[in-house]
Amino acid sequence: MTIVDENELLLETEGQEVVPKPQRTWGREGVSLLKWSCLAACTIGPGTVVVCAKAGADFKLHLIWTVVLASFVAFVLQKEAGRLTIESKMSLGTAIRRHFGRGSRPRHTAVATKDAGQGDPTTESFPGISVEKVPVAGYAAVIGVFVGNAAYEANCFVGAMAALYVLYTNVEWFRVLMAVATGVATLGAVLWGNVDQIGAALGGIVVAMTVVFAVTAGYAAVDPADFGWGLLPNFPSGSSITVLSLMATTCIPFNVFLAASLCGDTTPGEMRRGIAFASTITAVISVLLIIIGSDIDIPVDQDFAVEDLGNQIGAKLGIEAKVLFCVGLYAAAYSSAITCPLGAALTAEQILADDREATEADEVSASLEAPGVSGGRPTAMRYRMVPLLWLEKWRNGGLFFKLSMVVAIGTAVGVAAGNVDTVSVILLAQVINGLLLPFLATSLFVCLNDPAVMPQRMRARDNGVILVCVAVTIFLAAHLVLEQVSILAAGGAGSEDVSEGTHAAWSAELNIYLAVGVSVVAAAGLLLRTHLANRTFDG
């Protein structure tokens, strides 16, 4: 039994003995914060650098509110995913399957073959495994995760190439050589290397790059009034893609699963403080990048490029800072490139074959392989799973597990070697993940309110906060879709640089009202589900 009181002291009952968790100390707190800081390290990649700097260059300080709101949403979603893992003792992927797969038949059957030594062997069912069937929503989640991961991996690779182009001319032989070399290094790291040690080493370089950002932002001429107005929600003309990209690059869907996986041996208080620490770091760095971007002068007939950011840093702090920025951006891109495919594969493993099922299968297999005696005759038992080896292939190190990472990295190498526009690829990757975020947030919300997953009902205050965050993700995704549809309906070319006349079909204000309506209807539906679920808790 596990009890969490208001002072966040976790007690565990082992038989009749109550064992308190270790008391808080500065050393323990420092180690805990260091562990949770990996959430910020995974967030601060080329996507964050490019999207935030572009937001500043295109819209000055008007979109600061977006990264502040996105950091809060990230904190809430990651915290609630951690709570689900701690209280339910199951991974987020398992919870999604448990919620959406109820009432379905088991997908695995165990069959034992007995050979008594005389005559033909007989086959009997062995009732040792009870596994929920993976629901359609589970497979949809896995497909969405892999699509988003492939886009995000391409985002990492083109960001790494862009860092190199700041120092060296973009010629075909150099581009292809470095794309392939980065792909080989990434694949080697995820399949045979120590990802934790590599990530820690690269993290030091990223920290140095962050210091460069802070110093460069100090040189920018920031009007306090403009900064204050930037904290108020507003949608400059043509900003919907950038707004959703800022949300997705700050509140990465993969990090929700990562946060849940980090809760194995932590207390609720440590979890909350660690996620708050990581979210605050992400918000500060994102705001610094927007400030730097707002100080970049780009001609009207040109688009933002990574070279503009590198040149801005070089002009303010010298060539050494420019080189450090390039090395830091490449390190951030590479560290994200080795963690993203691993995170996607682990997410699929949680949904398709979690550790509980795999352990159960191993136990049954061992029991069936053990020799026994029946009527004085030796008995041999053989075990097979239908479908064969499905669990083993999805477990960490299995065939499907490795293949999923190879496909994602190979796709990214092809995109990086193909000389595709860096900013376009990064924006597309963030938009895809931004459209996936509402589905993940909604799934988390319904799992938190499912009595088959959580041992006790959610408090009304916590439910209200996460519901607002879900509504925000739905609103931003709906606003982007509505704006693009209105552009197409008005006969526009689909560019962000559209005049007010091209919004004749739907005005920008009407798009906002419609997006609010969509989010309100969705939130009302979730509230109804929550009310029905609470009746089950009370019953």
Side-chain angles (χ1 to χ4, degrees), residues 32-45 47-48 70-71 73-86 88 90-96 141-142 144-146 148-153 155-156 189-190 194-200 202-203 206 247-266 268 270-282 332 334-352 354-355 396 401 404-405 408 429-430 433 436-437 439-441 443-444 447-448 469 473:
S32 175
L33 293 179
L34 183 63
K35 178 183 77 171
W36 289 100
S37 65
C38 72
L39 293 173
C42 292
T43 303
I44 306 302
T48 301
S71 298
V73 172
F75 166 74
V76 172
L77 296 183
Q78 292 166 16
K79 174 178 71 72
E80 296 302 335
R83 170 189 293 199
L84 183 147
T85 299
I86 292 174
S88 69
M90 67 177 67
S91 67
L92 178 55
T94 304
I96 290 175
V142 171
V145 163
F146 279 122
N149 173 68
Y152 200 82
E153 191 74 357
N155 149 89
C156 294
V190 298
N194 189 316
V195 176
D196 292 336
Q197 292 181 359
I198 295 173
L202 296 174
V206 176
M247 173 62 72
T249 194
T250 307
C251 182
I252 301 177
F254 295 123
N255 276 7
V256 178
F257 286 93
L258 178 58
S261 67
L262 292 174
C263 294
D265 58 349
T266 189
E270 288 176 341
M271 178 266 295
R272 281 193 291 270
R273 291 188 294 272
I275 294 176
F277 175 72
S279 300
T280 302
I281 291 177
T282 301
Y334 181 68
S335 62
S336 297
I338 63 178
T339 54
C340 285
L342 183 61
L346 287 172
T347 300
E349 179 191 15
Q350 288 181 10
I351 296 176
L352 299 179
D354 68 1
D355 291 338
N396 195 341
F401 191 92
S404 66
M405 295 187 288
Q430 306 311 325
N433 282 283
L436 290 173
L437 187 58
F439 295 98
L440 175 60
S443 298
L444 175 61
C447 287
L448 286 167
C469 293
T473 63

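Just the heavy atoms: all of them, side chains too, but no hydrogens, waters or symmetry mates, feed the values below. Keep in mind it's a predicted model, so treat the numbers as computed, not measured. Throughout, numbering of the chain's residues begins at 1 and tracks the sequence.
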- Query: Shortest non-hydrogen contact from Ala260 to Ala81?
  - Reply: CB-O, 3.8 Å

- Output yes when a side-chain donor or acceptor of Ser336 lies under 3.5 Å from a complementary backbone atom of Cys156, and no otherwise. no

- If every non-hydrogen atom of Ala151 is compared with every non-hydrogen atom of Ala429, which pair is closest and at what distance? O-CB, 3.2 Å

- Note on the structure: Of all heavy-atom pairs linking Gln78 and Ser279, the shortest is OE1-OG, 4.4 Å

- Whether Asn155 side chain and Tyr152 backbone form a donor-acceptor pair below 3.5 Å: yes

- Any donor and acceptor pair, going by atom type alone, linking the side chain of Asn255 with main-chain N or O of Leu39 inside 3.5 Å? yes

- Verify the distance criterion only: is there a donor paired with an acceptor across the side chains of Thr250 and Ser71 at less than 3.5 Å? no

- Query: Taking all non-hydrogen atoms of both residues, which atom of Ala278 and which atom of Ala40 are closest, and how far apart?
  - Reply: O-CB, 3.7 Å

- Task: Rounded to the nearest 0.5 Å, what's the gap from CG on Leu84 to CD1 on Ile96? Could you check?
- Result: 9.0 Å

- What heavy-atom pair brings Cys263 and Ala259 nearest, and what distance separates the two atoms? SG-O, 3.3 Å

- Query: So, Glu80 and Arg83, do they make that salt bridge, N to O below 4.0 Å?
  - Reply: yes

- Note on the structure: When every non-hydrogen atom of Ala332 is compared with those of Gly45, the smallest separation belongs to CB-CA, 4.2 Å

- Task: May I have the step-by-step check of side chain to side chain contact (heavy atoms under 4.5 Å, CB included) for Thr282 and Phe75, ending in yes or no?
- Result: CA-CA 10 Å; Thr282 301; Phe75 166 74; over 6 Å; no

- Message: Once rounded to the nearest 0.5 Å, what's the spacing between atom OG1 of Thr43 and atom CG of Leu258?
- Response: 9.0 Å

- Query: At what distance, to the nearest 0.5 angstrom, does OG1 of Thr473 lie from CG of Leu436?
  - Reply: 11.0 Å

- Query: Side-chain contact, heavy-atom cut-off 4.5 Å: Leu77 with Leu437?
  - Reply: yes

